[in-house]
Amino acid sequence: MNLTDLFPNLTGENHEVTSPRTVRYNCIAWAACNTERWWQPGVFWPVDSSRDDHGIGNVVEAFRSLGYEECDDGVREEGFEKLALYGSTMMYTHAARQLPDGKWTSKLGQLEDITHTTTEAIEGGDYGEVVQYMKRPL
Amino acid sequence: MSSTQAAESIHERFRELRDDWKSKTRHLSNTAQIALVFSYQKIIGMGPDVVPLILSELEKEPDHWFWALEAITDENPVSESDAGDVEASARVWVQWGRDRGLLAE
């Protein structure tokens with residue numbers, strides 16, 4: 001199955017594959033620049049958490065502990081690194097990290113890392129929509 | 001149905017559910033979202049008979065079978081230091097299965 005089959009907004013023009021597939025790490029780990037663990041509440045998570053808490057609030061809390069704070073949008077700001085947190089039906093589904101050029105990088109589950117031009121490129125399918133942006137000083 | 005036929009039937013059903021689950025979850029990162037797919041829930045519902053099949057899968061390819069294994073067996077042999085390390089967790093569960101005679105050496 002192609003990535004464009006999984007993400008209705010993804011096209012050949014708005015993304016680029018940047019890594020091989022691996023189950024070693026997931027999108028939350030990748031957003032936090034970790035490529036060794038699959039981050040999961042209550043299993044491997046930067047804050048104490050119930051393993052049953054898969055809500056947006058828990059992933060926001062996780063990234064707060066890493067120095068991020070909530071912000072209004074994903075517009076690039078000089079001197080800041082931003083994250084886009086995705087959710088669907090109250091459950092977090094994904095996190096993407098903004099690159100210095102304003103594009104975004106995502107690890108897609110067990111599949112590849114990709115660079116995508118906009119946060120919308122991976123919305124609309126199982127990831128739902130961006131529900132929160134966060135930023136921290138570089 | 002003979003015991004051999006029953007085992008083959010379980011194996012065949014497991015393969016169908018496994019394939020469905022994998023096809024629907026490769027791109028997902030939230031383990032709860034991965035485990036809530038109906039085919040995965042059906043695998044858990046197959047109970048202890050399916051544990052050797054899951055362990056055999058883990059031996060071939062590390063994947064998110066830990067939720068199902070823990071739900072079925074009520075055990076978790078993965079140490080805190082290996083938590084979140086999918087490959088290490090797979091190795092620990094495979095050894096757990098070998099120690100109980102659920103997998104061939």
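The sequence lines fix the lettering, A, B, ..., with proteins before strands; numbering per chain opens at 1.
Under the 4.5 Å side-chain heavy-atom criterion for ILVMFWY residues, no single connected hydrophobic cluster contains both A:L83 and A:W104. Residue B:V94 is grouped with residue B:V92 when hydrophobic side chains (ILVMFWY) are merged at heavy-atom distances under 4.5 angstrom, including chains of intermediate members. Note: the hydrophobic cluster containing B:L58 also contains B:L53 (ILVMFWY, side chain heavy atoms under 4.5 Å, direct or indirect links). The same ILVMFWY cluster, assembled from side-chain heavy atoms under 4.5 Å apart, contains both A:V60 and A:I28. A:I56 and B:L28 fall into different hydrophobic clusters, where Ile, Leu, Val, Met, Phe, Trp and Tyr residues are linked whenever their side-chain heavy atoms come under 4.5 Å apart, directly or through other members.
Residue B:E12 qualifies as enclosed at atom CD: its count of foreign heavy atoms under 6.0 Å is above 12. The local environment of CG in A:D101 is crowded, with over 12 non-hydrogen atoms from other residues, nucleotides or ligands closer than 6.0 Å. A:K103 NZ: 12 or fewer foreign heavy atoms inside a 6.0 Å radius.
Heavy atoms closer than 4.5 Å to chain A are found in the side chain of B:E87, but not in its backbone.
Proximity to chain B among residues 2-21 of chain A is limited to A:L6, A:F7, judged by heavy-atom separations below 4.5 angstrom. Within residues 124-138 of chain A, the residues having any heavy atom less than 4.5 Å from a heavy atom of chain B are, in residue-number order, A:D126, A:Y127. Identified by a heavy-atom distance below 4.5 Å to chain A, contributing residues of residues 39-52 of chain B are lacking entirely. Using a 4.5 Å cut-off between non-hydrogen atoms, the part of residues 37-53 of chain A that approaches chain B consists of A:R37, A:W38, A:Q40, A:V43, A:F44, A:R51.
Between A:H54 and B:Q33, every side-chain heavy-atom pair lies at or beyond the 4.5 Å cut-off. Side-chain contact between A:V23 and B:V86 is present, with heavy atoms from C-beta onward closer than 4.5 Å.
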*Where do B:N30 and A:M91 land on the side-chain contact (heavy atoms from CB on, under 4.5 Å) test, with the steps shown first?*
CA-CA 8 Å; B:N30 183 327; A:M91 187 183 281; 3.3 Å; yes

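Atom CD of residue A:Q110 and atom CG of residue B:D63 lie 4.5 Å apart, to the nearest 0.5 angstrom.
In terms of modelled atom types and a separation under 3.5 Å, the side chain of B:S29 and the main chain of A:N26 share no donor-acceptor contact.
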